[in-house]
Amino acid sequence: MAASGFDGVERRGLMFVLSSPSGAGKTTLSRMLLEREPGLKMSVSATTRLPRPGEVDGRDYFFVDKAKFEGMVEQGELLEWATVFDNLYGTPRAPVEAALSAGRDVLFDIDWQGTQQLHQKASADVVRVFILPPSAADLEKRLHTRAQDSDEVIRGRMSRASHELSHWAEYDFIVVNQTVDDAFAEVQSILKAERLKRERRTGLTEFVRRLQRQLEK
Ligand code: 5GP
């Protein structure tokens with residue numbers, strides 16, 4: 001799980017998890033991170049939910065039927081999976097393992113159930129960030145502006161939001177999304193700091209030894 005880091009010191013990739021109730025701005029923040037952080041790759045989940053307008057199979061999700069999803073679970077192809085809003089969602093294992101071993105960081109847009117499972121399996125590699133909306137009214141406004149779901153689905157998402165919020169304490173970092181630019185700066189700082197953690201910098205011993213050899217010449 002090592003590859004050359006941005007400053008020449010080898011490091012392991014990390015799993016960067018962003019969770020929030022739907023509508024708290026997580027999708028926008030994920031997109032901004034992917035645009036500005038070339039070392040970061042999105043984990044594309046499999047789901048049994050139907051595509052929303054504009055969503056592309058293989059880019060936003062792998063849209064599969066229930067039988068296919070259950071087959072993936074049986075074959076151990078998913079790193080984690082959960083039922084969310086009556087649909088199944090799960091993270092394909094192979095692309096994540098390939099990215100981490102190539103020294104790339106992986107971004108996850110998954111719920112608290114998936115985050116718990118990832119953390120149980122690989123706590124040292126997981127960084128958990130929870131995004132809070134500044135208010136309930138803001139969350140509702142964003143769900144309506146998105147205009148991708150029916151009123152009934154939006155009502156369901158609002159009532160589920162309160163339950164999802166209760167998991168905030170299971171995360172390492174909490175970001176309140178008051179303005180997207182500030183929230184993005186905060187999320188990006190977390191990623192940058194986590195990349196510098198000593199434990200992930202597998203090439204440090206070698207790097208420092210080289211410095212010492214040069215100093216002692
Ligand atoms: P949506 O249907 O709005 O795209 O996603 C609904 C919820 O499912 C979001 O909270 C999202 O984070 C979560 N989710 C998406 N993919 C996965 C996954 O692979 N695993 C888990 N546990 N949750 C997921």
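Read the numbers this way: they start at 1 and go in the same order the structure lists the ligands and their atoms. Fair warning: this is a prediction, and the values are worked out from it, not measured in the lab.
- Considering only non-hydrogen protein atoms, atom 20 (N) of ligand 1 sits nearest to E80 OE2, 2.7 Å.
- For E152, the CD atom counts as loosely surrounded, since its 6.0 Å shell holds 12 or fewer non-hydrogen atoms of other residues, nucleotides or ligands.
- The pair R128-E170 fails the salt-bridge criterion, with no side-chain N (NZ, NE, NH1 or NH2) lying under 4.0 Å from an Asp/Glu carboxylate O.
- T179 and D182 share a donor-acceptor pair across their side chains, judged by distance under 3.5 Å alone.
- Taken to the nearest 0.5 Å, the OG atom of S43 stands 7.5 Å off from the CD1 atom of I110.
- At a 4.0 Å heavy-atom cut-off, ligand 1 touches K26 through the side chain alone.
- Proximity of E55 to ligand 1, defined as any heavy-atom pair under 4.0 Å, is not found for any part of the residue.
- Of all atoms in ligand 1, listed by their number and element, those nearer than 4.0 Å to a heavy atom of A82 are 22 (N).
- Residue-level proximity to ligand 1 for V84 is carried by the side chain, the only part with a heavy atom below 4.0 angstrom.
- In terms of protein heavy atoms, atom 3 (O) of ligand 1 is closest to R52 NH2, 2.9 Å.
- No side-chain N or O of T202 forms a donor-acceptor pair with one of E10 less than 3.5 Å apart.
- For D109, a nitrogen or oxygen atom sits less than 3.5 Å from a nitrogen or oxygen atom of ligand 1, counting backbone and side chain alike.
- Looking only at heavy atoms of the protein, atom 19 (O) of ligand 1 is closest to S45 OG, 2.6 Å.
- More than 12 heavy atoms of other shown residues, nucleotides or ligands fall within 6.0 angstrom of atom CG in L211.
- With a 6.0 Å radius and a threshold of 12 heavy atoms from other residues, nucleotides or ligands, Y61 has its OH atom above the threshold.
- Between H167 and W112, the ring-plane angle classifies as parallel under the 30° and 60° cut-offs.
- Set against the non-hydrogen atoms of T91, the atoms of ligand 1 under 4.0 Å away are 19 (O).
- The distance from atom CD of E80 to atom CD of Q120, rounded to the nearest 0.5 Å, is 11.0 Å.
- Of all protein heavy atoms, the one closest to atom 5 (O) of ligand 1 is Y61 OH, 3.3 Å.
- Atom 23 (N) of ligand 1 has D111 N, 3.2 Å as its closest protein atom, hydrogens excluded (heavy atom only).
- Counting only heavy atoms from C-beta outward, the side chains of T115 and F130 never approach each other to under 4.5 Å.
- A heavy-atom separation below 4.0 Å is not found between F108 and ligand 1.
- With distances taken over non-hydrogen atoms, the option nearest atom 2 (O) of ligand 1 out of W81, F62, Y89, W112 is Y89.
- Taking every non-hydrogen atom of F85 and a distance limit under 4.0 Å, the qualifying atoms of ligand 1 come out as 6 (C).
- Counting atoms of ligand 1 from 1 in the listed order, those under 4.0 Å from a heavy atom of G114 are 22 (N).
- Between T27 atom OG1 and D109 atom CG the span is 5.5 Å, to the nearest 0.5 Å.
- At a 4.0 Å cut-off, not a single heavy atom of Q117 sits close enough to ligand 1 to count as contact.
- Ligand 1 has R49 within reach: a non-hydrogen atom of the residue lies less than 4.0 Å from it.
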